[in-house]
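Let me begin by presenting the structure, written as structure tokens, before commenting on it.
Below, read A as the first sequence line, B as the second, and so on, with proteins coming before strands; counting in each chain starts at 1.
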Amino acid sequence: MKQSVLYVPTLKEAPSNAEVKSHRLLARAGLIKQTAAGVYTYLPLGIRVMQKIERIIREEHDARGCSEMLMPALQPRDLWEESGRWDDYGPALMRLKDRKERDFCLGPTHEEVITAIVRDYIDSYKKLPLALYQIQTKFRDELRPRFGLMRGREFVMKDLYTFSTDEADLDRWYATMMTAYTEIFRRSGLETKIVASDTGEIGGDQAHEFMVLSEVGEDTITYCDTCDYAANQEYSALSEGDSCPHCEGTIKTAKGIEVGNIFKLGTKYSESMNAFFTDADGQRKPLVMGCYGIGVSRTLMAAVEQHSTEDSILWPDSITPFDVHIVPLKGNEDLGRRLHDRLATQHEVLLDDRDERPGVKFKDADLIGIPWRIILGKSTKEGKAEVVNRRNDEVQLVPIDDLEVYLSGQ
RNA sequence: CGGGAAGUAGCUUAGCUUGGUAGAGCGCUUGGUUUGGGGCCAAGAGGUCGCAGGUUCAAAUCCUGUCUUCCCGACCA
């Protein structure tokens, strides 16, 4: 891909309304552009990263028997009246009317729609269990959107809904998805902690959140510095400095960004929305549901927060928008194009074919954060390129003819 | 919704106290020069000073209203 045609509007200075590091970098590196408060455009580089994250999510879900679908963002009032949430959800529900004055909302979540869909077909235990997910834009009219992609009014979310015959099957799905989420965030290069969280009216320890430790997080979590114990501070009896009840470790507190949650819904929606099936013993029973969310756009932001300095992103290999950044300096333009075409058969390659001075190209390359950089400069006279491994800033002079071999060995 | 701050060119901003022809840097265009870390020189283009009303001979500047954005709080499946 040629940088000259990709639209990568990098900025020397951050927009004045960008408060946190990841927001500044996402804007400066040309990944996102604000359109309104809490509403962002994902530019070409931004959407590439988001699609990488989505691919990991899809792989981990599909491998566990979940099926992807796509539900509407626009939802009729009737469905929300059925569940009682037209009144209960409150002002965060984006409401609108069509030209005939009928009420709709823009979906903040999809329990109503999915329940209405499956109830018409699922009439027997023989058709269960079922796990359906989508990756979709959600709408919530937040009182105060903040920190770029952290809390938006429009954001991208993966939401999965499971339908089971009983609690035991729900428990299995819950455990399966806890594993899946652990794998998704690990593969995305994010360090997360799993914390028990509030379950509202359902009670018990049936909800967990996946938190990325970060200064800009909105939640405070308490965790053990030795074992896996972690909890949302609101629901933890422990505080900083206490000794861990599960091991010899010490309790610490930190801010966290909630990037995922898993939640046992039970029969709340199936009962209120009349989603029943007939069990093997002939009994009519409500579907037992679970819901599982991942904030995809928020994960993108958390990744930048965790993998950057003030002037430079450094993408994990699994979600980087490109693998290799070719930076030809003056006189090496043709060589750059040829090398791009060669390497592009094996790698995702970005070629900085702009007519810019070296300093401009280097600064932009630092910002954008592609892990491998190939500089075509002085050493091309000896048939060599400089290969920079951004992870450790090691520079290797590699014969241009050997670059495929060199990169495949890394 | 309470508290605070801010809207001036694509971006960052000066000017506002004390009213009098709207400035700079970056970016952009043209020419020259330069070419390994956001060069330099020259010339140029680009502005309803968020919007509306008011005060005044005269408003970016003072007053009122309104919209937008950001921060703190409350809220957050």
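Among the heavy atoms of the strands, none lies under 4.0 Å from A:Tyr269. Using a 4.0 Å heavy-atom criterion, one finds that A:Asp364 contacts the bases of the nucleic acid, with or without backbone contacts as well. Across all strands, A:Gln34 comes closer than 4.0 Å only to sugar-phosphate atoms, never to a base (heavy-atom distances). Contact annotation for A:Lys378: base contact, defined as any heavy-atom pair under 4.0 Å involving a base atom. Here A:Ala92 lies out of heavy-atom contact (under 4.0 Å) with every strand.
Under the side-chain contact (heavy atoms from CB on, under 4.5 Å) criterion, A:Arg102 pairs with A:Asp98, A:Lys100, A:Phe104, sequence neighbours left out. A:Arg24 meets the side chain to side chain donor-acceptor pair (under 3.5 Å) test with A:Glu310; sequence neighbours excluded. The side-chain contact (heavy atoms from CB on, under 4.5 Å) check on A:Glu13 picks up nothing, with sequence neighbours excluded. Applying the salt bridge (Lys or Arg N to Asp or Glu O under 4.0 Å) rule to A:Arg119 yields the partners A:Glu82; only residues at least two apart in sequence or on another chain are considered. The salt bridge (Lys or Arg N to Asp or Glu O under 4.0 Å) check on A:Arg373 picks up A:Asp366, with sequence neighbours excluded.
Here, B:rC49 and B:rU33 have their P atoms 41 Å apart, quoted to the whole Å. Using C1' as the reference atom, B:rC62 and B:rC76 are 42 Å apart when rounded to the nearest Å. Only the C1' atoms considered, B:rU8 is 14 Å distant from B:rG46, to the nearest whole Å.
The shortest distance between the side-chain N/O atoms of A:Arg357 and the OP1/OP2 oxygens of B:rG39 is below 4.0 Å. At B:rC71, one or more side-chain N or O atoms of A:Arg144 fall inside 4.0 Å of OP1 or OP2 (strictly under the cut-off).
Distance A:Arg354 CZ to B:rG38 P: 14 Å, rounded to the nearest Å. In this structure, CG of A:Leu93 is placed 15 Å from C1' of B:rC75, rounded to the nearest angstrom.
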| Given the rule in the salt bridge (charged side-chain N to carboxylate O under 4.0 Å, His left out) test, do A:Arg187 and A:Glu60 qualify, once you have shown the distances and angles that lead to the verdict? | CA-CA 10 Å; A:Arg187 286 182 60 190; A:Glu60 296 298 329; 2.7 Å; yes
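Annotation: cation-pi geometry not satisfied between A:Arg95 and A:Trp80 (NZ/CZ under 6.0 angstrom from ring centroid, within 45° of ring axis). In this structure, A:Lys264 forms a cation-pi arrangement with A:Tyr174, its terminal cationic atom sitting closer than 6.0 Å to the ring centre and no more than 45° off the ring axis.
Checked by distance alone, A:Arg151 brings a side-chain donor or acceptor within 3.5 Å of a matching partner on the base of B:rC76.
With respect to the salt-bridge test (charged N to carboxylate O, under 4.0 angstrom), the residues A:Arg354 and A:Glu333 do not qualify.
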Are any protein N/O atoms closer than 3.5 Å to N/O atoms in nucleotides 27-32 of chain B? If there are, list each pair with its distance.
none

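Taking every heavy atom of residues 292-305 of chain A and every atom of RNA chain B, no pair lies under 4.0 Å. Taken residue by residue, residues 323-337 of chain A places heavy atoms nearer than 4.0 Å to RNA chain B at A:Leu329, A:Lys330.
Residue pairs satisfying the ring pair (Phe, Tyr, Trp, His ring centres under 6.0 Å) criterion with at least one member in residues 29-58 of chain A, sequence neighbours excluded, are listed as follows: A:His23-A:Tyr40. Every pair tested for ring pair (Phe, Tyr, Trp, His ring centres under 6.0 Å) that includes a residue from residues 309-348 of chain A fails, sequence neighbours excluded, so the list is empty.
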| query | If pairs are Watson-Crick or G-U with both distances under 3.5 Å, what is the dot-bracket string of RNA chain B, marking crossing pairs with [ ] and pairs to another strand with |? | reply | (((((((..((((......[..)))).((((((.....)))))).....(((((..]....))))))))))))....
| What does nucleotides 3-16 of chain B look like as a protein-contact string, B for base, S for sugar-phosphate only, - for none, at under 4.0 angstrom between heavy atoms? | --------SSS---
